[in-house]
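See structure below.
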Amino acid sequence: MNTSTAINALTTLLLAVLMSGCAAQDRPNLSAPSSALSFRESSRAALTVEDQQDGRISAPAQGSSMQPLYGPNAYLVINPIEFHELKPGMLVAYKNLQGMRVVHEIVDREDGFWTVKGINNDFEDADYVTPSNLIGVVYGSFVAAQ
């Protein structure tokens with residue numbers, strides 16, 4: 001199977017899984033995903049999904065706060081969302097006070113903003129998600145071989 005065919009197959013599979021719906025709370029056994037894709041192939045797959053809707057962005061995962069779900073071998077696709085559509089358990093991308101993009105899980109709503117935390121962290125973020133710093137929610141991820 002060539003790279004283009006593999007990317008199209010992965011894109012179709014990802015869209016089928018995402019369209020079937022899943023709750024963030026249904027993650028009983030978090031383990032690091034694996035794949036036979038190279039990082040370049042996973043980034044191409046993410047870009048293919050990104051291009052299918054205006055406003056989507058894709059970027060490599062960084063840091064350890066979302067491990068083992070997302071590690072340095074993951075490429076994330078972020079979908080725009082309206083602030084009022086957010087719910088606890090969603091994986092949200094936002095810009096923190098230092099200007100860095102962060103992807104963490106929504107914990108709770110307080111006084112018009114959302115508290116968030118990395119699934120690998122013992123503490124909630126000092127920054128909150130607000131309408132002005134919201135980027136979107138994780139729509140999908142592509143994992144490269146480690």
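With sequence neighbours left out, the side-chain contact (heavy atoms from CB on, under 4.5 Å) criterion links Ser43 to Tyr75. For Ala59, the side-chain contact (heavy atoms from CB on, under 4.5 Å) partners are Arg101, not counting sequence neighbours. Evaluation of the ring pair (Phe, Tyr, Trp, His ring centres under 6.0 Å) rule for Tyr94 yields no partner, not counting sequence neighbours. Every residue meeting the side-chain contact (heavy atoms from CB on, under 4.5 Å) condition with Pro80, not counting sequence neighbours, appears here in chain and number order: Gln53, Arg56. With sequence neighbours excluded, the residues that form a side-chain contact (heavy atoms from CB on, under 4.5 Å) with Phe113 are Glu110, Asp111, Thr115, Tyr128, Thr130. By the side chain to side chain donor-acceptor pair (under 3.5 Å) test, Asn96 pairs with Gln98, sequence neighbours left out.
For the residue pair Tyr70 and Ala61, the shortest heavy atom distance occurs at CB-CB, 4.2 Å. Shown here for Pro88 and Val107, the closest heavy-atom pair between the two residues is CB-O, 3.8 Å. Here the shortest heavy-atom pairing between Leu134 and Ala93 reads CD1-O, 3.8 Å. The minimum heavy-atom distance linking Leu47 with Ser58 is given by the pair CD2-OG, 3.4 Å.
Between the side chain of Asn79 and the main chain of Tyr139, no donor-acceptor pair closer than 3.5 Å is present. Distance alone, capped at 3.5 Å, places no donor-acceptor pair between the Ser64 side chain and the Gln67 backbone. With Asn120 contributing its side chain and Met66 its backbone, the two residues share no donor-acceptor pair below 3.5 Å.
Follow the hydrophobic side-chain contacts under 4.5 Å out from Leu37 and you never reach Phe39; the two are in separate clusters.
The side chain to side chain contact (heavy atoms under 4.5 Å, CB included) test with Val137 singles out one residue from Ile106, Leu91, Leu86, Ile78, and that residue is Leu86.
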Take Val92 and Val103, measure what side-chain contact (heavy atoms from CB on, under 4.5 Å) needs, and give me the verdict at the end. CA-CA 5 Å; Val92 65; Val103 172; over 6 Å; no

Give the C-alpha distance, both sets of side-chain angles, the deciding distance and a yes or no for side-chain contact (heavy atoms from CB on, under 4.5 Å) between Asp108 and Glu124. CA-CA 10 Å; Asp108 199 12; Glu124 291 180 359; 5.5 Å; no

Quick one: do Glu105 and Val116 satisfy side-chain contact (heavy atoms from CB on, under 4.5 Å)? Show the steps, please. CA-CA 5 Å; Glu105 183 175 18; Val116 292; over 6 Å; no

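Between atom OG of residue Ser38 and atom CG of residue Asn73 there is a gap of 12.0 Å, rounded to the nearest 0.5 Å. Here Asn133 contributes atom CG and Phe83 contributes atom CZ; the two are 8.0 Å apart, rounded to the nearest 0.5 Å.
At most 12 non-hydrogen atoms from other residues, nucleotides or ligands lie less than 6.0 angstrom from CG of Asp54. The environment of NZ in Lys117 is crowded: more than 12 heavy-atom neighbours from other residues, nucleotides or ligands sit within 6.0 Å.
Looking only at side-chain heavy atoms (C-beta outward), Phe142 and Val49 come within less than 4.5 Å of each other.
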